[in-house]
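Below is one structure, written out as structure tokens; comments come after it.
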Amino acid sequence: YWIKMESDRVKYVIAVVVLGVMLTLVSWQSMSAGIPRPWAPFPLISYLFLFGAPIFVTIIFWVWNLQLFKGIGHIPIRSIALYLSFAALSIWHNLVGIPYGVKYQGREYTMIVTIVNFMMIVSIAILLIIGYRRKTFLSSLLFHWLLFAWFASYSFPYLGELI
């Protein structure tokens, strides 16, 4: 029994570590083009809070989700509050920024990043509902991973004049 429990814990740790490393790639990709592009929307959160270093998203993901390393499937209230507040701020950011995005980045870029942002907000909400009802490790892991991938990419896309 103890050996099975330990092998399960190793699986949880490996899954959280691998997905955390994947967040570094998502964060790097979102800033890789040199100027805002639909596949690299220059998320403001990365520049303002993470100083543009992709590894910080991974570190914050790991620290925020210590319960995942133990295989705990419950989504903490702090994660729900984080999602709801950032979703509201992101929607506001996009609504206010659309005219500037169209003017400086173009209609196509602005439309794509706004649609992708909205789709990610909805997808995260669906994963939150599933994870809140099922309380499994996998549902919590997927919710948290997409939440942090969204933070690292489309949550606050660059809309406006380049500095």
Side-chain angles (χ1 to χ4, degrees), residues 1-31 38-50 53-98 110-159:
Y1 173 76
W2 181 81
I3 293 172
K4 179 174 177 3
M5 192 170 76
E6 284 301 312
S7 70
D8 287 343
R9 178 164 288 184
V10 169
K11 290 176 192 175
Y12 300 139
V13 170
I14 290 171
V16 175
V17 168
V18 168
L19 288 179
V21 171
M22 287 173 59
L23 283 173
T24 301
L25 299 174
V26 169
S27 183
W28 173 81
Q29 173 62 38
S30 71
M31 298 180 290
W39 64 89
F42 274 47
L44 290 177
I45 194 166
S46 292
Y47 278 74
L48 296 176
F49 299 109
L50 305 175
I55 190 69
F56 286 133
V57 174
T58 297
I59 293 168
I60 293 169
F61 172 75
W62 288 333
V63 170
W64 186 269
N65 294 300
L66 293 175
Q67 78 281 359
L68 290 175
F69 286 100
K70 298 174 186 174
I72 296 172
H74 177 73
I75 296 174
I77 297 296
R78 71 178 188 277
S79 296
I80 297 169
L82 182 71
Y83 165 68
L84 293 174
S85 59
F86 272 70
L89 288 171
S90 181
I91 290 168
W92 176 79
H93 169 79
N94 271 48
L95 290 176
V96 170
I98 284 174
T110 305
M111 220 169 70
I112 290 170
V113 298
T114 300
I115 290 169
V116 171
N117 185 27
F118 180 73
M119 288 173 36
M120 290 185 83
I121 289 170
V122 171
S123 299
I124 295 165
I126 291 168
L127 288 174
L128 173 60
I129 292 166
I130 292 168
Y132 193 76
R133 288 184 179 166
R134 292 197 182 155
K135 294 178 177 47
T136 64
F137 168 76
L138 183 60
S139 63
S140 181
L141 179 63
L142 292 176
F143 163 77
H144 284 99
W145 187 85
L146 189 57
L147 179 66
F148 280 81
W150 173 60
F151 289 157
S153 58
Y154 289 91
S155 62
F156 296 93
Y158 200 98
L159 298 170

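Side chains are part of it too, since the values below use all heavy atoms of this structure and drop only hydrogens, waters and symmetry mates. In this chain, numbering begins with 1 at the start of the sequence shown.
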Counting only pairs under 3.5 Å, give me each side-chain donor-acceptor contact of residues 78-91, with atom names and distances, residues two or more places apart or in other chains.
from: Arg78; atom 1: NH2; to: Trp64; atom 2: O; distance (Å): 2.3
from: Arg78; atom 1: NH2; to: Gln67; atom 2: OE1; distance (Å): 3.3
from: Ser79; atom 1: OG; to: Trp64; atom 2: NE1; distance (Å): 2.8
from: Ser79; atom 1: OG; to: His144; atom 2: NE2; distance (Å): 2.7
from: Tyr83; atom 1: OH; to: Ile121; atom 2: O; distance (Å): 2.7
from: Ser85; atom 1: OG; to: Ala81; atom 2: O; distance (Å): 2.9
from: Ser85; atom 1: OG; to: Leu82; atom 2: O; distance (Å): 3.1
from: Ser90; atom 1: OG; to: Asn117; atom 2: OD1; distance (Å): 3.3
from: Ser90; atom 1: OG; to: Asn117; atom 2: ND2; distance (Å): 2.8
from: Ser90; atom 1: OG; to: Ser155; atom 2: O; distance (Å): 2.2

Option passing side chain to side chain contact (heavy atoms under 4.5 Å, CB included) with Val26 (candidates Trp150, Tyr154, Phe151, Trp145): Trp145
Would you indicate whether the side-chain heavy atoms of [Y] and [X] approach each other to under 4.5 Å?
| X | Y | result |
| --- | --- | --- |
| Val113 | Leu159 | yes |
| Pro43 | Met31 | yes |
| Val17 | Phe69 | yes |
| Leu142 | Leu146 | no |

Atom NZ of Lys135 with >12 non-hydrogen neighbours under 6.0 angstrom: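 Count over threshold, so yes.
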Atom CH2 of Trp28: over 12 foreign heavy atoms under 6.0 Å: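 Open: at most 12 neighbouring heavy atoms sit under 6.0 Å from CH2 of Trp28.
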Residues which pass side-chain hydrogen bond (donor to acceptor under 3.5 Å, both in side chains) with [X], listed by chain and number, not counting sequence neighbours:
| X | result |
| --- | --- |
| Thr24 | Thr58 |
| Trp39 | none |
| Thr136 | Ser139 |

Phe148/Asn65 under side-chain contact (heavy atoms from CB on, under 4.5 Å): CA gap, chis, key distance, verdict: CA-CA 11 Å; Phe148 280 81; Asn65 294 300; 3.8 Å; yes
Find the distance between [atom1] ([X]) and [atom2] ([Y]) and round it off to the nearest 0.5 Å.
| X | Y | atom1 | atom2 | value |
| --- | --- | --- | --- | --- |
| Lys70 | Phe137 | NZ | CZ | 13.5 Å |
| Phe143 | Leu128 | CZ | CG | 4.5 Å |
| Met119 | Ile124 | CE | CD1 | 11.5 Å |
| Phe118 | Ser123 | CZ | OG | 9.5 Å |
| Leu19 | Trp62 | CG | CH2 | 10.5 Å |

Set of side-chain contact (heavy atoms from CB on, under 4.5 Å) partners for Val96, sequence neighbours left out: Trp92
Residues forming a side-chain contact (heavy atoms from CB on, under 4.5 Å) with Ile129, sequence neighbours excluded: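 Testing Ile129 for side-chain contact (heavy atoms from CB on, under 4.5 Å), a comparison that skips the adjacent residues, returns Arg133.
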Test item: Ser30 side-chain N/O and Ser27 main-chain N/O as donor-acceptor pair under 3.5 Å: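 Here the side-chain-to-backbone pair exists.
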Closest contact, heavy atoms only, Ile72 versus Leu68: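 The answer is O-CD2, 3.7 Å.
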